[in-house]
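A note on names: the letters A, B, ... follow the listed sequences, proteins ahead of strands, and every chain is numbered from 1.
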Amino acid sequence: MQDRLRPLVVTTGPGPADVRRVAGLDVAYAEDSDRLAAAVVVLDPDTLQVLERSVVLGHARFPYVPGLFAFRELPSLVEALDGLSVPPDLLVCDGQGLAHPRRFGLACHLGVHTGIPSIGVGKTAFVGTYDTPPPHRGAASDLVLDGDVVGAVLRTQDNVKPVFVSVGHGLDLAAACRHVLALSPHFRLPETTRQADTACRAALAQATAAGLARDAVRSD
DNA sequence: GCGACAG
DNA sequence: ATCTTGTCGC
């Protein structure tokens, strides 16, 4: 499926002319059971203020298999996206885009599936080789796989471990890095990712608490 | 054959 | 992804 969809990915161009709504997507999992919470948080790209949140609870129907990550998270993330009142102009995904064995990571899959430009931001490397970028914010080095530049190792804060940025869909790598930097004025990860992480974790925690309370009443 | 392996 | 304990730096 990834090899079939890969040709549909657009990896060139500056992307959306004016981005008014940027979305951060993330999924949290329960330690036991297969429960999960998927969140999409939409921010104003200029003020970084939260405009809207959409969180859905669900169950993992696919195991974590490196290279097949999208099959685990995409279904729930699409459900969360459908819960938004207005579709976002750009998706910032927690994971890789083109920096993938078949050049079709989660960010590419979400971008092609929704038709919305997307960026992949990973916290650790998955594939490729690279030189350590200079220590200052904004510095970057190529992430190379089989002779192709599949992403950038980007420093979002001075003297802080870099993030792995790769194109998802609908824009080039330079534009992707520009967006990630703008979304990370204070912390290592983009504000979109941070907000989505907080949202899905909170939702999972409240669901867990509600479930325990319900079970307590049952046995009572 | 062995080690690596987004989240 | 999730858990855990302390440590370092602003």
Do nucleotides 5-10 of chain C as a string where each nucleotide becomes B, S or -: B if the base has a protein heavy atom under 4.0 Å, S if just the sugar-phosphate does, - if no protein is that close. ------
Under the 6.0 Å and 45° cation-pi test, does A/R72 pair with A/Y29? yes
Taking [X] for its side chain and [Y] for its backbone only, find out whether a donor-acceptor pair lies under 3.5 Å.
X      : Y      : answer
A/R137 : A/S184 : yes
A/E52  : A/S85  : yes
A/S54  : A/A80  : yes
A/R155 : A/R188 : no
A/D89  : A/R20  : yes
A/Q96  : A/G120 : no
A/S141 : A/D131 : yes
A/S118 : A/A107 : yes
A/H169 : A/V10  : yes
A/Q195 : A/T192 : no

What contact category does A/A28 fall into here, base, sugar-phosphate, or nothing, at under 4.0 angstrom with non-hydrogen atoms? sugar-phosphate
Base, sugar-phosphate or nothing for A/Y29? Non-hydrogen atoms, less than 4.0 Å. sugar-phosphate
Rounded at 0.5 Å granularity, tell me how far OG1 in A/T198 sits from CG in A/D26. 9.0 Å
Partners of [X] by salt bridge (Lys or Arg N to Asp or Glu O under 4.0 Å), sequence neighbours excluded?
X      : answer
A/R35  : none
A/D46  : none
A/D197 : A/R201
A/R103 : A/D146, A/D148

Using heavy atoms and a sub-4.0 Å distance, could you list which residues of [range] are near DNA chain B? By number, please.
range                       : result
residues 68-77 of chain A   : A/L68, A/F69
residues 100-120 of chain A : A/H100, A/G105, A/L106
residues 167-184 of chain A : none
residues 121-158 of chain A : A/G122, A/K123, A/T124, A/A125, A/F126

Treat a base pair as Watson-Crick or G-U wobble with both distances under 3.5 Å, then lay out DNA chain B in dot-bracket form, 5' to 3', with | for cross-strand pairs. .......
Return yes when atom NE2 of A/H136 has more than 12 non-hydrogen atoms of other residues, nucleotides or ligands closer than 6.0 Å, and no otherwise. yes
Applying side-chain contact (heavy atoms from CB on, under 4.5 Å) to A/L91 and A/T114, what does each step give before you reach the verdict? CA-CA 10 Å; A/L91 307 178; A/T114 63; 3.8 Å; yes
What about the rings of A/H109 and A/F69, do their centers lie closer together than 6.0 Å? no
Run the side-chain contact (heavy atoms from CB on, under 4.5 Å) check on A/E73 and A/L106 step by step: do they pass? CA-CA 8 Å; A/E73 301 208 332; A/L106 174 65; 4.1 Å; yes
Based on Watson-Crick and G-U pairs with both distances under 3.5 Å, what dot-bracket line describes DNA chain C 5' to 3', crossing pairs as [ ] and inter-strand pairs as |? ..........
Flag side-chain contact, heavy atom, 4.5 Å: A/F104 against A/V112: yes
Quick check for you: name the first and last nucleotides of DNA chain B, 5' to 3', having an atom under 4.0 Å from a heavy atom of chain A. B/dC5 to B/dG7
Side chain to side chain donor-acceptor pair (under 3.5 Å) between A/R102 and A/Q2: does it pass, once the steps are laid out? CA-CA 7 Å; A/R102 289 170 294 283; A/Q2 296 176 328; 2.6 Å; yes
